[in-house]
Amino acid sequence: MSHPKTLPCTKPPSLSFSTSSPLSDFCMELFFPCLLVAFVSFTFISLQILFYKRQVTSKPNLPPGRVGWPIIIGESLEFLSAGWRGYPEKFVFDRMVKYSPECFKTSILGYLTAFLCGPAGNKFLFTNENKLVTVWWPEPVNKVFPTSLQTDSNEEAKKMRRLLPQFFKPEALQTYIAIMDTVFQKQFGSWWEGKDEIHVFSLAKQHTFFLACRLFLSVEEPDHVARFAGPFHLLGAGIVSIPIDFPGTPFNKAVKAAKVIRKELMVFIKQRKHDLAMKKATPTQDILSHMLNVVDEDGKHLSDLDVADKILGLLIAGQDTLTAAMTFIVKYLAELPHIYDIVHKEQVEIGKSKAPGELLNWEDIQKMKQSWNVACEVMRLSPPLQGAFRQAITDFMYAGFSIPKGWKWSANSTHRDPECFPDPEKFDPTRFEGKGPAPYTFVPFGGGPRMCPGKEYARLVLLVFMYNAVTRFRWEKVLPHEQIIVNPTPMPAKGLPIRLIPHAKSNKED
Ligand code: HEM
């Protein structure tokens, strides 16, 4: 707005004796914005009070705990900062001690939330799927996947879940092992070998993404993969951001990136359909072919857009989780040489049983028991996800407390609980020997009917990765005290630089 004093003076001189001073002009200019701010603040506070009364004080017998103020922020800062400091479980444990070991209430990330703790809490939630609770995804997830808007992300996930076993069934997964081995051999050859130092986190991202492009889409050309990688990175960063759709925000970039990838995928899908019709591609060669071939319960094929979104969903779900698991396996093996030796011994034995050039197969994977125990112990101490979201679909009672419909839940409170895992800070893969941990205590992949459908795929990727890493190298951390940040997946603050110590050539054989 132009200030009157800057305009040419068209008024009679007498008006210059007006009673308004520059100060009062200034005050008048500020008056309306202030009034607006006051009005918005008043409305916001009133709505908060109303909401608080309706959701919190009017409900009897809620679990103990604090919802913070304003509720929309609640205890989000405490929750997030525990993760930024590398101890996300501290938020839960402090409140379990202060309020109740079974259940407490809070408000995080804009939602009233009840944490149901311990194995009993996990059991309750995992066994009451679609009865009392249902899977729930934060708002950005719904917005980034437009086909999800036709129903909602939950419906889409259910549809996906009905189809997934066909892509991840054992016969299909078994054929992926040799491909995984081939891909890792190439990657280790060019990304690890000949280097003194590498940054594990960024390489793990690339290992995971290149492998997924190969197994989901049969895309191998580095240039081609790179066309997806840029927008995919933006998508990953924005899907867990605050959903403000304004140019330049991470969320806005994610929505745009999803469109770019979807467009690229649609070109692929068209080409693949053509290749399948011309018998230039096979119906089982990768997940894309499987998806194009599959029919739903009404005998209908998935639409092209659905296929594109489902591939995108799988790429997203597997990317940061596998990257974190891979990175932390390398981290713990660097820190614990005696654990490294166990894995190395097991993998070298498997290597020795192979003919020169023979790729890994299903039988080899079955022999990698100790390595998998190590990977599990890594995921116990540094779970790639801190929990799984659920929403109450009806009011219900838990441990004598009432949980209102609509409240959210998310937690993983058992992994470092001494009652579930004695001496919980100790890295001890033998916990997974024999019968392993008690039910509902070890839950890195969630549980119940919505347990991660990519679990078996993830197991294969991690084991083939471990084989290729330890049979080639030993390593040490460049930064012995590197900080860990959990946001929302765990990552080393400086990307985990390590010094590589290649084994003598003969070491792979003996
Ligand atoms: C170490 C790697 C992984 C970990 C720790 C992990 C963990 C999880 C967790 C905790 C959930 C939520 C489960 C629940 O709600 O109870 C989940 C869901 C899911 N994961 Fe994974 N995941 C991993 C890798 C993968 C991979 C590689 C894929 C795909 C190839 C995948 C696909 C999915 C999908 C589609 C869902 C949603 C399922 C639904 O809502 O029904 N995950 N994962």
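The basis for the numbers below is simple: all heavy atoms, side chains too, and nothing from hydrogens, waters or symmetry mates. Every number for a ligand or one of its atoms is a count from 1 in the order of the listing. Positions are given from 1, in the same order as the sequence printed here. Owing to the predicted nature of the structure, the values given are computational and were not obtained by experimental measurement.
The closest heavy-atom contact to atom 9 (C) of ligand 1, among the options Thr323, Leu315, Leu385, Ile329, comes from Leu385.
With sequence neighbours left out, the salt bridge (charged side-chain N to carboxylate O under 4.0 Å, His left out) criterion links Asp417 to no other residue. Residues satisfying the salt bridge (charged side-chain N to carboxylate O under 4.0 Å, His left out) test with Glu221, not counting sequence neighbours, are none.
For the ring pair (Phe, Tyr, Trp, His ring centres under 6.0 Å) with Phe216, the lone residue among Phe268, Tyr457, Phe209 that qualifies is Tyr457.
The distance between the ring centers of Phe389 and Tyr111 does not fall below 6.0 angstrom.
Heavy atoms of Tyr457 found under 4.0 angstrom from ligand 1 belong exclusively to the side chain. Of the heavy atoms in Trp136, none comes closer than 4.0 Å to ligand 1. Residue contacts with ligand 1, taken as heavy atom pairs separated by less than 4.0 Å, do not involve Phe389 at all. Contacts between Pro444 and ligand 1, counted as non-hydrogen atom pairs separated by less than 4.0 Å, involve the backbone only.
Set against the non-hydrogen atoms of Phe216, the atoms of ligand 1 under 4.0 Å away are 30 (C). Less than 4.0 angstrom separates some heavy atom of Phe168 from each of these atoms of ligand 1: 30 (C). Taking a cut-off of under 4.0 Å to the non-hydrogen atoms of Gly447, the atoms of ligand 1 that pass are 16 (O). Under a 4.0 Å criterion applied to the non-hydrogen atoms of Ala458, ligand 1 contributes the atoms 2 (C). Taking every heavy atom of Pro384 and a limit of under 4.0 angstrom, the matching atoms of ligand 1 come to 5 (C). Near Pro453, meaning under 4.0 Å from one of its heavy atoms, ligand 1 places the atoms 19 (C), 20 (N), 33 (C), 34 (C), 35 (C), 36 (C), 38 (C). Near Arg390, meaning under 4.0 Å from one of its heavy atoms, ligand 1 places the atoms 14 (C), 15 (O), 16 (O).
Look at Lys455 and you'll find every heavy atom at least 4.0 Å from all atoms of ligand 1. Not a single heavy atom of Gly313 sits less than 4.0 Å from an atom of ligand 1.
Within the model, atoms CD of Glu456 and CG of Leu460 stand 5.5 Å from one another, a figure rounded to the nearest 0.5 Å.
In this structure, Asp341 pairs ionically with Arg474, as a charged nitrogen and a carboxylate oxygen lie closer than 4.0 Å. Looking at Glu335 and Lys477, a side-chain N of the basic residue comes within less than 4.0 Å of a carboxylate O on the acidic one, giving a salt bridge. Using a cut-off of 4.0 Å between Lys/Arg side-chain N and Asp/Glu carboxylate O, Lys331 and Glu482 are scored as not salt-bridged. No salt bridge links Lys369 with Glu433; every basic N to acidic carboxylate O contact stays at or beyond 4.0 Å.
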